[in-house]
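Beneath this line is the structure, given in structure tokens, with notes to follow.
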Amino acid sequence: MPFGVVFDGYVDEPACLGVPPYISPYVRYCAGVLRYFNYDIAYCTCDQWREDRSAIEDVMAKADIIVIIAGLTVPGRYRGGSPLLLSELQSIAGLRRKGLIFLGGPIVAGYAMQGGRNALKLDLEDIDCLVTGDVEEVLFRYLSKGEIVPNLKRRGYDGVNVWSRLGSEAVKLHPWYPWIMAEMELSRGCDRIGAHCSFCTEGKSGIFEERSTEGILEEMESLYRSGVRAFRFGRCSNILTYHGIASQKGRMPNPRALEELYRGSRQACPNLTVLHTDNANPRTIADFPDQSAEAISVISKYDTEGDVLSFGIESLDPFVKKINNLKVDFDEAIFAVRLVNEVGGWRPTPRSLPKVLPGLNFLVGLAGDTDKALELNAAFLKQILNEGLAVRRINIRKPMVFEGALLKDLLSTCPSRVKEKHYKKWKEWVRDEIDRAFLQRVAPLGCILKNVLIEEKSGKLSFGRQLATYPLLVGIVDETLRPGDVITTSVVDYGRRSVTGIPFPLDINNCPPSSLMAIPGIGKARAMRIVQGRPYSTIGEIRKVLDDESLIDALALFLSTDQILHSQ
């Protein structure tokens, strides 16, 4: 039986994330094409290759076909894995092997690892096929007709709907399985009519197509049968206009189509633990407020808590907005943030995360950018705070500059004049003052975060995250935890972009003193008195060792319901 390897170098695009725990559609589709032709499959990641090169290279040497997926078109920082470097790709391409190598993914547009830089054009002599079209379609043509057509593009989703189901079992080979999140493709390209944002890579191909709800749900059901319980509608430039309705202003939200998609997801995957999304265009909210409100209401009805609608704000400077063809101005951006808060910001329980909130993306270094733009962006964030609104997270980046994107030409005639020291000062201000304030609103003291996976330890702190879109990093005060543990935690404090928590409910008779000390108001002396007086059966018994009656309520916030009831 023929043998193929799908090598995951990870991807990060405006509308697709494939860095662990996310697993991208690209690798699943390619695995499905190989399975369609009865190939045995090995799936491996670049991190596995780094950990045990000889073992992975032995597997690759035996393969008849190797498909490498890699590339970033947006800069990011990653905790779950490290994307494939160009030097590493060159090393893999030069391996002795018998099979052909197909290289696909966003890396074919150019290589870059940081914002603010021009992407490098690839020159890889040892790659048999640098796929400039759709890698799954090119692979299918080769296996069905023996032809290598690097620029071949698929039309429609008929093939994908078959390959995605066949490739769903590949998730079982992921090193994080079953702790993975499937990035689901709803559409590709950008739904904006006419010109796109100057830095855009999603819309420059000119292709915009949407997948049928039936095809998406059938793939989700296949993934669910393979053990996946977390899904994100991330491969979509604007969730609000999925199967949208054409109008003179652009595509209008279709709440009925979203109802079919989200309700169907719950029916196809009845015990899913995460159903999140990613991108939403604030322009749609500004142009179609009533329909957008209904669409967001549908999303918040069926999604799971802690969801995010990522807004490409980029810059609120009028001149920068105009020449870079950005989406919204100052007032429109405020309106969009306000509407999502009002419609989607409710909590399923008093101590849960909100259902869905905006996420903000800023780009510094666009054509025509100046220090004035930083001041306007700061005024925007201050107004959101003053109105009592919340955002789930703020991303601040510099753009990557790719061949063929309008930004490269614009920067040659209208360069960014933002001073680096002012950019760094503004970014630090956001991280020190704004992020913390929003964290306190999103996850107030006592907020409960379920299913937090412990990823690493540092002294008495254990760091973990939920499976989620842009999950909160939680530093948990409990030195007895180990990597791989999955726990429920409750928030006790805040960092710049993270929260501090303790296990919930706190086992007061067995927890380490450090967990007690982390509770606001308890401190070291009171914690040691509590430890010395153990065991307790009710909160009432703890009154004898506490010197401040007001701390009883503070402590009760982190204990079990049984203990609280027994004390009354």
Side-chain angles (χ1 to χ4, degrees), residues 238-240 276-289 292-293 295-297 299-300 305-318 320-321 326-347 352-364 366 369 371-397 422-423 425-445 447 468-472 491 494-499:
N238 184 10
I239 187 66
L240 298 177
H276 280 179
T277 185
D278 189 13
N279 299 298
N281 189 342
R283 174 84 259 158
T284 301
I285 295 175
D287 286 341
F288 308 103
S292 296
I296 295 166
S297 179
I299 293 171
S300 68
E305 64 183 71
D307 199 1
V308 178
L309 293 182
S310 298
F311 287 171
I313 301 297
E314 325 310 357
S315 175
L316 294 169
D317 181 284
V320 177
K321 173 184 178 296
L326 305 182
K327 304 174 189 73
V328 287
D329 62 23
F330 191 103
D331 291 336
E332 290 165 339
I334 290 287
F335 178 80
V337 169
R338 189 183 298 134
L339 188 140
V340 177
N341 271 260
E342 292 172 354
V343 179
W346 56 277
R347 300 175 192 266
S352 71
L353 291 171
K355 259 311 188 78
V356 59
L357 287 173
L360 305 180
N361 297 337
F362 290 101
L363 277 178
V364 178
L366 292 171
D369 216 349
D371 292 342
K372 175 188 172 185
L374 302 180
E375 297 173 6
L376 287 167
N377 295 340
F380 169 72
L381 293 173
K382 289 176 182 178
Q383 183 166 335
I384 295 173
L385 278 175
N386 292 339
E387 288 193 23
L389 303 172
V391 299
R392 173 58 193 79
R393 59 103 186 112
I394 302 169
N395 283 347
I396 301 171
R397 297 166 170 153
H422 293 162
Y423 164 68
K425 183 178 180 180
W426 177 76
K427 188 173 181 178
E428 287 299 302
W429 171 77
V430 174
R431 298 298 178 231
D432 287 336
E433 299 188 29
I434 302 299
D435 279 333
R436 184 183 177 93
F438 282 137
L439 274 179
Q440 291 172 328
R441 290 181 183 178
V442 172
L445 189 69
C447 182
T469 185
Y470 302 100
L472 285 171
V491 175
Y494 306 88
R496 297 176 85 197
R497 304 188 75 188
S498 63
V499 297

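Residue numbers start at 1 and run along the sequence shown. These numbers come from the heavy atoms of this one structure, side chains and all, not from hydrogens, waters or symmetry mates.
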Note to self: Side chains of Arg392 and Ser310: any donor to acceptor distance under 3.5 Å?
What the structure shows: no
Note to self: Within this structure, what is the CG-CD1 distance for the pair Asp435 and Ile396, rounded to the nearest 0.5 Å?
What the structure shows: 7.0 Å
Check: Taking C-beta and beyond as the side chain, do Val328 and Ile285 meet within less than 4.5 Å on heavy atoms?
Finding: no
Notebook entry, point to check: Is the closest basic N to carboxylate O distance between Lys382 and Glu433 below 4.0 Å?
Noted result: no
Next item on the list: Rounded to the nearest 0.5 Å, what's the gap from CZ on Arg283 to CG on Asp329? Could you check?
Entry: 7.0 Å
Notebook entry, point to check: Any side-chain heavy-atom pair from Leu353 and Leu472 closer than 4.5 angstrom?
Noted result: yes
Check: Residues two or more places apart in sequence or in another chain: which of them pass side chain to side chain contact (heavy atoms under 4.5 Å, CB included) with Asn341?
Finding: Val337, Leu357, Pro358, Leu389, Ala390
Check: Once you round to the nearest 0.5 Å, how far does CG of Leu385 lie from CZ of Arg441?
Finding: 5.0 Å
Checklist line | Heavy-atom side-chain proximity of Val340 to Pro282 below 4.5 angstrom | finding: no
Checklist line | Ion pair Arg496/Asp432, N-O distance below 4.0 Å | finding: yes
Checklist line | Min side-chain heavy-atom separation Ile394-Arg431 under 4.5 Å | finding: yes
Note to self: Could you check whether any side-chain N or O of Asn238 sits under 3.5 Å from a backbone N or O of Asn281, counting only pairs where one atom can act as donor and the other as acceptor?
What the structure shows: yes
Item checked: Flag, side chain of Asn279 to backbone of Ile239, donor-acceptor distance under 3.5 Å -> no
Note to self: Using modelled atom types and a 3.5 Å cut-off, is there a donor and acceptor pairing between side-chain atoms of Arg393 and backbone atoms of Leu360?
What the structure shows: yes
Item checked: Where Val343 and Ser297 come nearest, the two heavy atoms and their spacing -> CG1-N, 3.5 Å
Check: Is a side-chain donor or acceptor of Tyr494 paired with a backbone partner of Leu445 at a separation under 3.5 angstrom?
Finding: yes
Check: Roughly how far apart are Arg436 CZ and Ile434 CD1, rounded to 0.5 Å?
Finding: 13.0 Å
Next item on the list: Grab the two heavy atoms, one from Arg338 and one from Gln383, that are nearest each other, plus how far apart they are.
Entry: NH2-NE2, 4.5 Å
Next item on the list: Give a yes or no on whether the backbone of Thr277 and the side-chain of Asp307 come within a donor-acceptor separation of less than 3.5 Å.
Entry: yes
Checklist line | Set of ring pair (Phe, Tyr, Trp, His ring centres under 6.0 Å) partners for Phe362, sequence neighbours left out | finding: Trp426
Checklist line | Side chain His422, main chain Asp371, donor-acceptor under 3.5 Å | finding: no
